[in-house]
Amino acid sequence: MFYSSPYRRAVDTIQILADRSGGIVVTEEDLRERQLSSSDVRHDNFREAKQRLYRDPTYAYPGGESGEQARLRAVTAIEKILDKHVGHKVVIGTHGDVMTLILQHYDSSYGYDFWESTTMPDIYKLRFDGTRKLVQVTRLWE
């Protein structure tokens with residue numbers, strides 16, 4: 001099964017694999033990228049703005065989402081997908097920030113430094129045990 005953020009770049013990243021596998025990509029709104037802020041908020045330094053959000057998961061710029069808000073919506077979507085497909089492989093297309101927040105939910109060592117190390121696109125394989133414990137993260141993109 002294939003799930004993706006509704007953003008075109010996320011769908012495009014997994015569409016070829018879905019086509020080759022005879023699957024369809026189901027869009028899931030809650031896998032969308034985190035809203036940094038409203039468009040009228042100026043960030044002189046994008047990386048510093050992003051670091052602040054990771055330092056304080058409760059902080060949100062005006063019109064944006066905090067890390068806690070974005071993580072809650074994305075993890076809720078992930079857990080519904082995991083419940084629906086127990087024991088099966090699932091492909092999920094999302095965005096670097098949201099992926100980092102999802103990983104952080106399962107392992108607190110994931111944060112700003114991990115997010116900064118990701119590329120666009122990037123592919124990670126996650127393996128969960130039967131209790132939804134994250135047991136392995138493997139980067140597949142070179």
Side-chain angles (χ1 to χ4, degrees), residues 1-39 41-61 63-142:
M1 194 61 183
F2 300 84
Y3 290 90
S4 178
S5 156
Y7 294 12
R8 174 63 31 209
R9 65 186 188 268
V11 173
D12 288 349
T13 300
I14 65 171
Q15 187 67 59
I16 294 169
L17 181 58
D19 291 345
R20 288 182 183 164
S21 302
I24 61 165
V25 177
V26 176
T27 57
E28 171 57 57
E29 180 66 29
D30 287 337
L31 294 174
R32 72 187 179 278
E33 183 61 287
R34 174 184 5 191
Q35 180 73 34
L36 181 62
S37 62
S38 61
S39 60
V41 175
R42 289 199 33 86
H43 299 282
D44 294 329
N45 186 312
F46 175 76
R47 294 205 182 280
E48 285 178 12
K50 193 67 94 166
Q51 283 175 339
R52 181 170 186 188
L53 292 172
Y54 277 98
R55 277 193 311 269
D56 181 357
T58 64
Y59 181 78
Y61 292 102
E65 288 181 284
S66 71
E68 283 184 353
Q69 292 168 318
R71 183 173 44 247
L72 177 61
R73 75 163 157 80
V75 168
T76 299
I78 292 295
E79 293 196 346
K80 285 179 187 175
I81 292 168
L82 292 175
D83 286 345
K84 188 173 182 177
H85 301 285
V86 173
H88 294 92
K89 294 179 182 179
V90 178
V91 176
I92 297 174
T94 190
H95 308 276
D97 195 29
V98 170
M99 178 182 70
T100 302
L101 293 171
I102 291 166
L103 287 166
Q104 190 177 65
H105 172 78
Y106 296 101
D107 180 343
S108 62
S109 69
Y110 288 91
Y112 176 81
D113 291 337
F114 173 79
W115 170 80
E116 191 175 46
S117 75
T118 62
T119 60
M120 294 177 226
D122 216 337
I123 301 173
Y124 285 83
K125 178 181 178 181
L126 311 182
R127 193 166 60 84
F128 293 88
D129 70 8
T131 65
R132 282 200 205 136
K133 180 181 178 200
L134 180 63
V135 295
Q136 185 176 21
V137 177
T138 307
R139 185 171 189 239
L140 301 177
W141 191 264
E142 293 300 327

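For this chain, numbers begin at 1 and follow the sequence in order. Small disclaimer: the values here were computed from a predicted structure and weren't measured.
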Quick one: side chain to side chain contact (heavy atoms under 4.5 Å, CB included) partners of D12, sequence neighbours excluded? R8
With side chains defined as the heavy atoms from C-beta onward, is the minimum distance between I24 and F2 less than 4.5 Å? no
In short, S66 meets P57 closest at the heavy-atom pair CB-O, 3.3 Å
T27 side chain near E29 side chain, heavy-atom distance below 4.5 Å: no
Say you draw a straight line from CD of E116 to CG of D113; how long is it, rounded to the nearest 0.5 Å? 6.5 Å
Please tell me if the side chains of Y54 and D97 come closer than 4.5 Å, counting only heavy atoms from C-beta onward. yes
Between R127 and V135 (side chain of the first, backbone of the second, donor and acceptor by atom type, cut-off under 3.5 Å), is there such a pair? no
Given side chains that start at C-beta, do those of V41 and L36 come closer than 4.5 Å, heavy atoms only? no
Ignoring hydrogens and geometry, is there a side-chain-to-backbone donor-acceptor pair from S21 to G23 under 3.5 Å? no
Provide the closest heavy-atom pair for Y61 versus S37 in the form atom of the first, atom of the second, distance. CB-CB, 3.6 Å
Atom OG1 in T76, atom CD1 in I81: separation rounded to 0.5 Å? 11.0 Å
Evaluate the ring planes of Y106 and F128, with Trp represented by its six-membered ring, and classify them as parallel (under 30°), tilted (30 to 60°) or perpendicular (over 60°). perpendicular
Can you tell me if R20 uses its side chain to pair, donor with acceptor, with the backbone of L17 under 3.5 Å? no
In this structure, CD of E28 is separated from CD1 of I78 (nearest 0.5 Å) by 8.5 Å
Using modelled atom types and a 3.5 Å cut-off, is there a donor and acceptor pairing between side-chain atoms of E65 and backbone atoms of Q35? yes
What is the minimum heavy-atom distance between R32 and V98, and which atoms define it? O-CG2, 3.0 Å
Would you find more than 12 non-hydrogen atoms of other residues, nucleotides or ligands less than 6.0 Å from I16 atom CD1? no
Write out all pairs satisfying side-chain hydrogen bond (donor to acceptor under 3.5 Å, both in side chains) with one or both partners inside residues 83-93, taking only residues at least two apart or from two chains. Y3-H85, D83-R132
Once you round to the nearest 0.5 Å, how far does NZ of K50 lie from CZ of R52? 14.0 Å
Could you tell me the separation between the CE atom of M99 and the CD atom of Q104, rounded to the nearest 0.5 Å? 12.0 Å
Quick one: pull up CG in D19 and CD1 in I14 and give me the separation to the nearest 0.5 Å. 10.0 Å
Take R139 and T119 through the side chain to side chain contact (heavy atoms under 4.5 Å, CB included) test and state the conclusion after the steps. CA-CA 11 Å; R139 185 171 189 239; T119 60; 3.3 Å; yes
Should the ring pair Y112 and W115 be called parallel, tilted or perpendicular, given that the plane angle runs from 0 to 90° and is split at 30 and 60? tilted
Keeping S4 on the side-chain end and V11 on the backbone end, is there a donor-acceptor pair under 3.5 Å? yes
Main chain of H95, side chain of R9: is a donor-acceptor contact present, judged purely on distance under 3.5 Å? no
Quick check: does any side chain N or O of T94 sit under 3.5 Å from a backbone N or O of L31, one acting as donor and the other as acceptor? yes
Distance only, no hydrogens: is a donor on one side chain within 3.5 Å (strictly under) of an acceptor on the other, for T100 and R34? no
